[in-house]
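Single-structure report; data block below.
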Amino acid sequence: MVDRLPPVRVRFAPSPTGRTHLGSGRTALYNYLLARQTGGQFLLRIEDTDQKRYVPEAEQELIESLNWLGLQWDEGPDVGGPYGPYRQSERKEIYLEYAKQLVEKDKAYYCFCTPERLARLREQQMHNKQPTMYDGLCRQLTLEDALRRVRQGEPHVIRFKTPKEGSITVRDYLRGEITVENRTIDDYILVKSDGWALYHLAAMVDDQLMRITHVLRSSEWLSTFPLHAHIIRAFGWQEPLFVHLSVFLKPSGKGKMSKRESAQLLQDGYSIFIKDLEQLGYLPEAVVNWIALMGWSYDDKTEFFTMQDLIEKFSLDHLNPSPAAINFTKFDHFNGLHIRHLAIEDLAKRVKPFFVKAGLKVEDQKLIQIAPIIQERLVTLDDAVEMAGFFFREELEYEPSLLIGKNMSATQSLKALQECERLLSSLDFTEKETIETALRSLAEHMGLKAGQLFGILRIAVTGQSVSPPLIESMVILGKATVMERVQIALKRLAEVVQESSA
RNA sequence: GCCCCCAUCGUCUAGUGGCCCAGGACGCGGCCCUCUCAAGGCCGAAACACGAGUUCGAACCUCGUUGGGGGCACCA
């Protein structure tokens, strides 16, 4: 058992600009776990201050993804809460207010430099191999002058007045103290000329106003962390605990996943987008288990975790700061593991949509019977169709020559199948043992290995060379269907024999 | 180029100075089980990036090197 923290207030604060991927899912998950473990609150905050990049579908997908994973938030744009609104686009005035406070405190200043001048400046600095930073031209302006120009309607932004001397030490929970020279920190823009705040200001203000105690966010924020600390301290606020989570790398471990690579991945039946995973036959339980373990571990052996396990066992202390390569093979393993842990009725229910999607008419009653014999054979839920589609197909399509048994001639095989037909027609199909015993002794009488006989029958009954256990399958299928299929197979095999002798 | 972070099997990781000639998992190879395929069981190959130091003792501490990653927008 881990040492419990007092109730935390944590948040997941995505910006709806693209698809929700595994990395976001993990950040949300860790926040969620911490909240549930400590009896605190998990908030969802939509960071949509950049209307140029806003993608309406993105927010919908985000919500669906989180819901699918089972991460419910206690406060958020849809459910409300005492510290709303939870959508930054509805908080524009709040940020502006706080930005002005910083100006009054001489911690920020108005800047009238045009984007063109800034671009030129940057270019020059790059050319001279200097760090690319604002040169502080407007920093010298008196507040009086600046205010006058603002009143005259001159386009302007508000920049943070980063100290030019000394250094700042910040503390990341995983990495300890990080000290940075102030002169390497830019005078970042806090408020754009259109009046919208940038992340650096908005997020700090919101975290403060929403009483956030722990910030678990992506480590891509690590480089601006010192700036964030400066902003918080400029206001004189208490800092939340910052935890910067490692990034996810592509399977090769060489950098982040690109758009192109994501598309390629889908060809192989994988995706880094949470919303795709359901259709690909993955369980949310498996996704949660898998991503939880990328950057966090419990001990030196336990790997199977349910959400409840994670809530109990998650701990900030076992987080790993180094980047992790995404390993889809391991994902498959976890999916199989969680499929095998499903109750039969549950498995049947989850597998059903995949049959339906394949255009098969399924009966729930039969699905319940099938579930146990396919359960340990599935990697993804959609494998069920390939494995057990024959239960629901009217007609089986297969290459007739497959009906020839291993190391047998077509004629021999035909003879064997004829014997099977005769035997089977005399049997009662309620007990699996009856059929199995009979078939095995038939094989023995004919001087065949059980595998040879079963192989022929397997094709006849399922149309597949790989199937769930044959006898069980036949019992579920029922005598009538089995006999019908054997007779069809008999006819097909007879043709093969004829052709080969002709 | 500048700033920051990271560094244990191919991959995810355990390890917080002696329990480690380094443990688990995936994957890989072999064997067992077996009506096919799986699942399961057993066995095996496989790592402390490198170099200095500190220490009686270093995967663990310090410094450097190298490698990798992230950031350098009126994006988040």
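Side chains are part of it too, since the values below use all heavy atoms of this structure and drop only hydrogens, waters and symmetry mates. Numbers restart at 1 for each chain; the letters A, B, ... are given by sequence-line order, proteins then strands.
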Closest-nucleotide mapping onto RNA chain B: is A/S193 or A/V466 further toward the 5' terminus? I mean the 5' end.
A/V466
Phosphate OP1/OP2 of B/A14: any A/N320 side-chain N/O under 4.0 Å:
yes
Side chain of A/E303: nearest nucleotide among B/U36, B/A25, B/C74?
B/A25
Quick one: which of B/A76, B/C6, B/C12 gets closest to the side chain of A/A325?
B/C12
d(CG, A/L403; P, B/U36) in whole Å:
18 Å
Does the structure place the NZ or CZ of A/K330 under 6.0 Å from the centre of the six-membered ring of A/W290, at an angle of no more than 45° from the ring's axis?
no
Can you tell me the Watson-Crick or wobble partner of B/G53, both distances under 3.5 angstrom?
B/C61
For A/P251, report the nucleic acid contact type (base, sugar-phosphate, nothing); a contact means any heavy atom under 4.0 Å.
nothing
Need one value for A/V247: base, sugar-phosphate or nothing, where a base atom within 4.0 Å counts as base even if backbone is also close, heavy atoms only.
sugar-phosphate
Rounded to whole angstroms, how far apart are CG on A/D187 and C1' on B/C72?
14 Å
Among B/G24, B/G27, B/C74, the one nearest A/L118 by side-chain distance
B/C74
Where the side chain of A/T49 is concerned, which of B/A76, B/G24, B/C26 is the nearest nucleotide?
B/A76
Please tell me if the side chains of A/V215 and A/N31 come closer than 4.5 Å, counting only heavy atoms from C-beta onward.
no
Does NZ in A/K406 sit with more than 12 non-hydrogen atoms of other residues, nucleotides or ligands closer than 6.0 Å?
no
Kindly state whether the ring of A/F355 and the ring of A/F392 have centres lying under 6.0 angstrom apart.
yes
Nearest listed nucleotide, side chain of A/K330, among B/G71, B/G24, B/C35:
B/G24
Tell me what A/C111 touches on the nucleic acid: a base, only sugar-phosphate, or nothing, going by heavy atoms under 4.0 Å.
nothing
For B/C26, the Watson-Crick or wobble partner whose two distances fall under 3.5 Å
B/G10
Base, sugar-phosphate alone, or nothing: which one does A/W221 contact when heavy atoms must sit under 4.0 Å apart?
base
Counting only side-chain heavy atoms from C-beta out, which of B/A7, B/A76, B/C35 sits nearest to A/F454?
B/C35
Base of B/C35 paired with side chain of A/R458 (donor-acceptor, under 3.5 Å)
yes
Sort out the partner of B/G1 for me: Watson-Crick or G-U wobble, both distances under 3.5 Å, none otherwise.
B/C72
Closest nucleotide among B/C75, B/A73, B/G24 to the A/R122 side chain:
B/A73
Using 30° and 60° as the class boundaries, would you call the ring planes of A/W221 and A/Y199 parallel, tilted or perpendicular?
parallel
Nearest to the side chain of A/S297, which nucleotide is it out of B/A14, B/C5, B/A76?
B/A14
Opposite nucleotide pairing with B/A39, Watson-Crick or G-U, both atom distances under 3.5 Å:
none
Assign each of A/E472 and A/E220 the nucleotide of RNA chain B bearing its closest heavy atom; nearer the 5' end lies the nucleotide of A/E472
Please tell me whether A/Y282 and A/H338 form a close aromatic pair, meaning their ring centres lie under 6.0 Å apart.
no
Residue A/K256, side-chain heavy atoms: nucleotide from B/A38, B/G71, B/C75 that is nearest
B/G71
